[in-house]
Amino acid sequence: MDKNEQNRQVDTGELEKSLAHIIVEIIEYIPNSVVIKTILRKSSGNISVMSFDSGEGLTEKTSPFDTFAQIIEGNAEIVINGVSNLLQSGQGIIIPAHLPNFIRPNGRFKMILTIIKSGYE
């Protein structure tokens, strides 16, 4: 198990439906960790909120589906197919299917990831 796998905590319980949530407050920072909380999980896609402690990121990966990443606190560098994108709170970016991407540590931040599984990729 590498450092990224050791320091990743995942909550697979969805948020309560028909109840308003302050998304930036439903997940906390944990020292030296990436924390993931599921907002909604369906066969057609997922919505998750993530917190990254300072110095934590995600290693390069490629997804068969388009993914929308939205920064909700702090800022982050998202690298897509070798191109760096610096996003601040309130900004989002679509990570196209089949392109290598990773999140480079850039201080503490929180983001929402939305994955749409269309089945046509």
Side-chain angles (χ1 to χ4, degrees):
M1 186 178 305
D2 69 17
K3 180 180 183 260
N4 287 336
E5 291 172 329
Q6 279 181 315
N7 296 327
R8 186 172 299 155
Q9 298 185 12
V10 179
D11 181 348
T12 58
E14 292 183 356
L15 290 185
E16 187 175 344
K17 296 178 181 175
S18 300
L19 180 66
H21 301 276
I22 301 172
I23 300 302
V24 75
E25 294 179 0
I26 66 169
I27 194 165
E28 298 298 324
Y29 294 105
I30 296 181
N32 305 310
S33 297
V34 174
V35 181
I36 304 168
K37 178 162 181 61
T38 302
I39 294 174
L40 189 63
R41 181 182 311 277
K42 301 290 179 193
S43 60
S44 57
N46 307 314
I47 303 172
S48 300
V49 64
M50 305 173 76
S51 70
F52 294 77
D53 193 26
S54 194
E56 299 297 322
L58 294 179
T59 57
E60 186 173 286
K61 64 181 177 73
T62 302
S63 172
F65 307 109
D66 287 341
T67 301
F68 179 67
Q70 180 183 10
I71 306 303
I72 58 173
E73 183 174 272
N75 59 69
E77 180 180 11
I78 299 177
V79 180
I80 303 169
N81 205 28
V83 177
S84 175
N85 302 275
L86 297 173
L87 280 73
Q88 297 178 358
S89 184
Q91 292 183 308
I93 191 166
I94 296 172
I95 302 169
H98 308 294
L99 289 183
N101 62 87
F102 63 94
I103 298 171
R104 184 173 289 142
N106 193 14
R108 295 170 83 173
F109 70 96
K110 295 179 183 179
M111 73 176 181
I112 296 173
L113 278 184
T114 304
I115 300 170
I116 305 298
K117 298 178 181 178
S118 70
Y120 298 106
E121 269 65 43

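The analysis underlying the following values was restricted to heavy atoms, covering all of them including side chains, and did not include hydrogens, waters or symmetry mates. As the structure is a computational prediction, the values presented were derived from the model and not from experiment. Position 1 is the first residue of the sequence, and the numbers go up from there.
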Legend entry - Contacts of type side-chain contact (heavy atoms from CB on, under 4.5 Å), residue D53, not counting sequence neighbours: P31, N32, E56, R108
Legend entry - For E77, side chain to side chain donor-acceptor pair (under 3.5 Å) partners two or more places apart: S84, R104
Inset, instruction - State, with a plain yes or no, whether a side-chain heavy atom of F102 is found less than 4.5 Å away from one of L58. - result: no
Legend entry - Co-membership, hydrophobic cluster, residues Y29 and I36, 4.5 Å side-chain: no
Legend entry - Distance, nearest 0.5 Å, that separates OG of S89 from CG of N75: 9.0 Å
Inset, instruction - Using atom types as modelled and distance alone, determine if a side-chain donor or acceptor of S63 lies under 3.5 Å from a backbone N or O of F65. - result: yes
Legend entry - Heavy-atom closest contact (I80 atom, P96 atom, distance): CG2-CD, 4.0 Å
Inset, instruction - Verify side chain to side chain donor-acceptor pair (under 3.5 Å) between N101 and N81, making sure each step is shown before the conclusion. - result: CA-CA 6 Å; N101 62 87; N81 205 28; over 6 Å; no
Inset, instruction - Determine whether K61 and P100 make a side-chain contact, defined as any pair of heavy atoms from C-beta on separated by less than 4.5 Å. - result: no
Legend entry - Partners meeting side-chain contact (heavy atoms from CB on, under 4.5 Å) with I26 (sequence neighbours left out): L15, H21, I23, K37, I39, V49
Legend entry - Heavy-atom check, side chain of I116 versus side chain of T114, under 4.5 Å: yes
Inset, instruction - Establish whether I103 and V83 are linked, either directly or via other cluster members, by ILVMFWY side-chain heavy-atom contacts under 4.5 Å. - result: no
Inset, instruction - Measure the spacing between CG of L87 and CD of Q70 and express it to the nearest 0.5 Å. - result: 9.5 Å
Inset, instruction - Report yes if the side chains of I112 and I47 come closer than 4.5 Å at any heavy-atom pair, otherwise no. - result: yes
Legend entry - Side chain proximity check, I95 to I78, heavy atoms < 4.5 angstrom: yes
Inset, instruction - Taking all non-hydrogen atoms of both residues into account, name the closest pair between E25 and E28 and its distance. - result: O-OE2, 3.6 Å
Inset, instruction - Walk me through it: do N46 and K117 pass the test side-chain contact (heavy atoms from CB on, under 4.5 Å)? - result: CA-CA 8 Å; N46 307 314; K117 298 178 181 178; 4.1 Å; yes
Inset, instruction - Output yes when a side-chain donor or acceptor of K110 lies under 3.5 Å from a complementary backbone atom of F52, and no otherwise. - result: no
Legend entry - Note, L113 side chain near M50 side chain (heavy atom, < 4.5 Å): yes
Legend entry - I27 versus V35, closest heavy-atom pair with distance: CD1-O, 3.3 Å
Inset, instruction - Side-chain contact test, heavy atoms from C-beta onward, threshold under 4.5 Å: evaluate it for M111 versus I71 and give yes or no. - result: yes
Inset, instruction - State, with a plain yes or no, whether a side-chain heavy atom of N85 is found less than 4.5 Å away from one of V79. - result: no
Inset, instruction - Following the transitive rule for hydrophobic clusters with a side-chain heavy-atom cut-off under 4.5 Å over Ile, Leu, Val, Met, Phe, Trp and Tyr, establish whether L99 and I94 coincide in one cluster. - result: no
